[in-house]
Amino acid sequence: MIEVKNVTKKYGKAVAVEDISFSIKDGEIVGLLGPNGAGKSTTMNILTGYIEQTSGEVTIEGYNTLKKPKKAKQQIGYMPEGVPIYTDLTVKEFVTYMAELKQVGKKERKEKVEKVIKQTGLKDVENKLTRNLSRGYRQRVSMAGALVGEPKILILDEPTVGLDPKQITEIRNLIKELGKTHTIILSSHILSEVSQICNKVIIINKGKIIATDTPENLENRVNNNNCIYVTVEDTESKMEQIKDKIKEIKRIELIQENEDKTKQYLIEAEKDVDLRRKVFSELAKENITIFEMKKADTTLEDAFMKLIEGGNK
Ligand code: ADP
Ligand code: MG
């Protein structure tokens, strides 16, 4: 359980994070989502006790980060932004060093290091210097460093930045797997990533939280409409009349005319209408040929932009 109450962080006069509050329950995978400079890293650094807030309170598993910093820190495995690992150590040496820092007992250290090396898929490269590893593997090493010592909570700052698509998939799968046994907070500026991995999203912009919800609900909050795109060949220009034929249609809008004379329309109807079926049979009756038909979903991307725009007003 993490509780953040009215936390503000100022750098001189500049406010990096302003009066944010949220709580995270055990077992949740939470995405801190926002554009660059939103305050994600600042928030994470405060949670981990790496920097102190200007005002407000943070408790980690009941331990106040300012009053019981050592206890609070023990609950957390932190993977900072940009993979700051010692490149003149081997994988095993680095993870062992992290275990020492976290005061993992000498007797059990070897076994615990071994365990996280396996867990993060590093067994094959454990004796290589980290500087000779690919970016994806270095990310895993950083993850292993966060995991050692068996913290309940993992805080991962932009865990997939700079990785190629294959590495991104691997790291995401690893995070999902770790999510079964840990509470996880990760930051990202990528919406699809957060919706794939997380069950809760906190959207932050310009140091303020502008929404907290499940990825599904965030989409629903802005997605009350039922829209499709159809591309048709409508030689007799009968498309406009379709609106009168299907009573549930609220709007038909010409989106574009293509070079091959086909036209794309946006059709909007009331919610819960099976628009595609109705439009298909009506256009067939009118001899209008359908070249393409697709659902126009409001994506999380749209939801995010709307929320951010709303927040700026
Ligand atoms: P994010 O991780 O979301 O990209 P940050 O938390 O790094 O955002 O930064 C939030 C704001 O705080 C930015 O405007 C940034 O310039 C500012 N900031 C971050 N760290 C410092 C610092 N050490 N000194 C002054 N300003 C900082
Ligand atoms: Mg950051």
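Excluded from the calculations below are hydrogen atoms, water molecules and symmetry mates; all remaining heavy atoms, backbone and side chain alike, are included. Order of listing sets the numbers, starting from 1, for every ligand and every atom in it. These numbers come from a predicted model, not from an experiment.
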State, with a plain yes or no, whether a side-chain heavy atom of [X] is found less than 4.5 Å away from one of [Y].
X    : Y    : answer
L33  : I204 : no
L133 : K128 : yes
Y265 : E253 : no
T289 : V232 : no

What protein heavy atom sits nearest [atom], and how far off is it?
atom                    : result
atom 23 (N) of ligand 1 : Y11 CE2, 3.5 Å
atom 12 (O) of ligand 1 : A16 CB, 3.2 Å
atom 8 (O) of ligand 1  : G39 N, 3.2 Å

Only heavy atoms of [X], strictly under 4.0 Å: list the atoms of ligand 1 that pass.
X   : result
A38 : 1 (P), 3 (O), 8 (O)
N36 : 4 (O)
P35 : 3 (O)

### Query
Should we count NZ of K68 as having more than 12 external heavy atoms under 6.0 Å?
no
### Summary
Heavy atoms of L163 and P159 approach each other most closely as CD1-O, 3.8 Å
#### Entry: Sole residue of V7, T43, L47, N45 in side chain to side chain contact (heavy atoms under 4.5 Å, CB included) with Q53
V7
#### Entry: Interatomic spacing from NZ in K208 to OG1 in T8 - rounded to 0.5 Å
10.0 Å
### Message
Protein non-hydrogen atoms only, distance under 4.0 Å: does atom 15 (C) of ligand 1 have such a neighbour?
### Response
no
### Message
When you compare the side chains of S187 and D157, does any donor N or O come within less than 3.5 Å of an acceptor on the partner?
### Response
yes
### Message
If we count only N and O atoms by modelled type, under 3.5 Å, do the side chains of E193 and S188 hold a donor and an acceptor together?
### Response
yes
#### Entry: ligand 1 to T42 polar contact by distance, N or O atoms, under 3.5 Å
yes
### Query
For K40 and ligand 1, does the shortest N/O to N/O distance drop below 3.5 Å?
yes
### Per atom 10 (C) of ligand 1, closest listed option by heavy atom (S41, S188, G37, G207)
G37
### Query
Leaving out waters, which are not shown anyway, how many protein N, O or S atoms lie closer than 2.8 Å to the Mg ion (ligand 2)?
2
### Task
List, by chain and number, the other hydrophobic cluster members for L266, where Ile, Leu, Val, Met, Phe, Trp and Tyr join if side-chain heavy atoms come within less than 4.5 Å, directly or indirectly.
Y229, I255
